[in-house]
Amino acid sequence: MCVCVCVSVRSCDSSVCVCVSMRLQCVYVSVRATAVCEAENTLPLSGECLVQFDLWDSDDVPVPRKELLQKVKGVDALVCVLTEKIDAELLDAAGPNLKVLSTMSVGFDHLSLEELKKRGIRVGYTPDVLTDSVAELTVALLLTTSRRLIEATHEAKSGGWGTWRTLWLCGYELANSTVGILGLGRIGVAIAERLKPFKVKKFIYTDVAPRPELASLIDAEYVSMDELASQSDFLTVCCALTPETKDICNKDLFSKMKNTSIFINTSRGGVVDQEDLYEALSSGQIAGAGLDVTVPEPLPTSHPLFTLNNCVILPHIASASYSTRNAMSALAANNLLLGLKGQPMIKELKL
Ligand SMILES: O=C(O)C(=O)CO
C-alpha cells in the first residue's frame, strides 16, 4: 500500500498525531505507505500495517508541481494543504490506487470535487477546529482597519506624530453599528459572538437561503445582497469560494456600500474583484478594507492595493495560531488514517 501527503504539521495530542507531527513538522510532505514497513518514517495504520512517508524537507513550498506529480504515482492516499491544486492532472498522475485525500484546510476550492467523486476518492477536511482562530483574527483585522492602526503606528514611528489634533487618524467604531455577514456559517457566527460585546447594534447576513438556526444564535436578520451592501457599516465576507461566489464582491456591491463602511475578507481572495475593490477604496466609495486573502497569494508587492493607506493586507494568517494549526494537523492526520482503514473520517466531505 502507498500513500502521499503534503501537509504542514506541528506537535499534537494523540499518539498517532504526535508521531505524524514529529515527522511532518512544518513542512510539505510526500508520504509513502507500505504494508508492514520498518523504515524510519512510519505510522501505525492498523495491527498489521504501517504508513511510511517521505518528508518534503524544504522551506521551498508549495511542493514543485513536477516533483509532486512524480511523488504521487501509485499512492493510496494524499494529504494536502490549500496551496496544492488537486485536479485531474494530479489524480491521473497518482493513478487508480488513490482512495483517500485529506486536506489540512476548511476550504476546499483547491480540490476538483467532481474529479475526486468520479474516481471514488474519499475526502477529509478540517472544519470547526479553526473557527476560533479565524474569528479572532477577523476581529483583529476589522479593528486594525477601522481604527487605522497600521497608519497610526507608521505615523508614530516616522515622526508624523505632531500635536494632538481633533480629527487626525479618526476611524469608525463598532458601537451602534450594523455588521453584515456575507455567507453565514460557523465562522460568521463566531465573529458576531466576538463583536457583540463591542455594542454592535444589529447583525444582518445574506446567503443562498436563510439559515435560521445559526442566525438565531446571534440574533441576525436575513437580508438581500443589496440590503447587506447598503446597510452594513462593517461587511465581513465569510462565504466559501465557489463558481457562484467568485468575484461576488464587485463594483456593483461596492457602489451600494456607504462611504463610511469597512470591508473585511478572511475567506478567499477569489470572492473579490480586486480591481473593483481598488477603485472603491481609492475613490472613497468605501472607507477601508482589511484582507487576509488575495489573488494571487502571495500578492506581489507591486500590487496597487499595497499603495493604499486604507487597505490592510495580511498574508493569509487567519488560522495561524499554534493550537489551531496543531488541531488542524491532528485532524488531517486522523482523517487520513481512518480513511485508509476504511472507517468513517472525523470530518469527511459529502461528494
Ligand atoms: O483552512 C483554510 O481553508 C484556510 O484558509 C486556513 O486559514
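As the structure lists them, so they are numbered: ligands from 1, and atoms in each ligand from 1. The structure presented is a predicted model; accordingly, all values stated were derived computationally and were not measured.
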Report task. Kindly determine whether Ser267 and Asn265 satisfy side-chain hydrogen bond (donor to acceptor under 3.5 Å, both in side chains), including the steps that lead there. Result -> CA-CA 6 Å; Ser267 67; Asn265 184 14; 2.9 Å; yes
Query raised in the report: Can the ring centroids of Phe234 and Tyr172 be said to lie less than 6.0 angstrom from one another?
Result: no
Query raised in the report: Please walk me through it: do Glu227 and Ser224 pass side-chain hydrogen bond (donor to acceptor under 3.5 Å, both in side chains)?
Result: CA-CA 5 Å; Glu227 287 167 324; Ser224 68; 3.2 Å; yes
Query raised in the report: Which atom pair, heavy atoms only, marks the closest approach of Ala77 to Leu340?
Result: CB-CD2, 3.7 Å
Query raised in the report: List by chain and number: which residues place a heavy atom under 4.0 Å from ligand 1?
Result: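 Contacting ligand 1 under 4.0 Å are Leu82, Ser105, Val106, Gly107, Leu130, Arg268, His316, Ser319, Met328.
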Requested in this report: Could you tell me whether Glu221 and Lys202 have a side-chain N and a carboxylate O separated by less than 4.0 Å?
Outcome: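 A salt bridge links Glu221 with Lys202.
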**Report entry** Lys199 and Glu173 ion-paired at < 4.0 Å
**Finding:**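 A salt bridge is absent here (no side-chain N lies under 4.0 Å from a carboxylate O).
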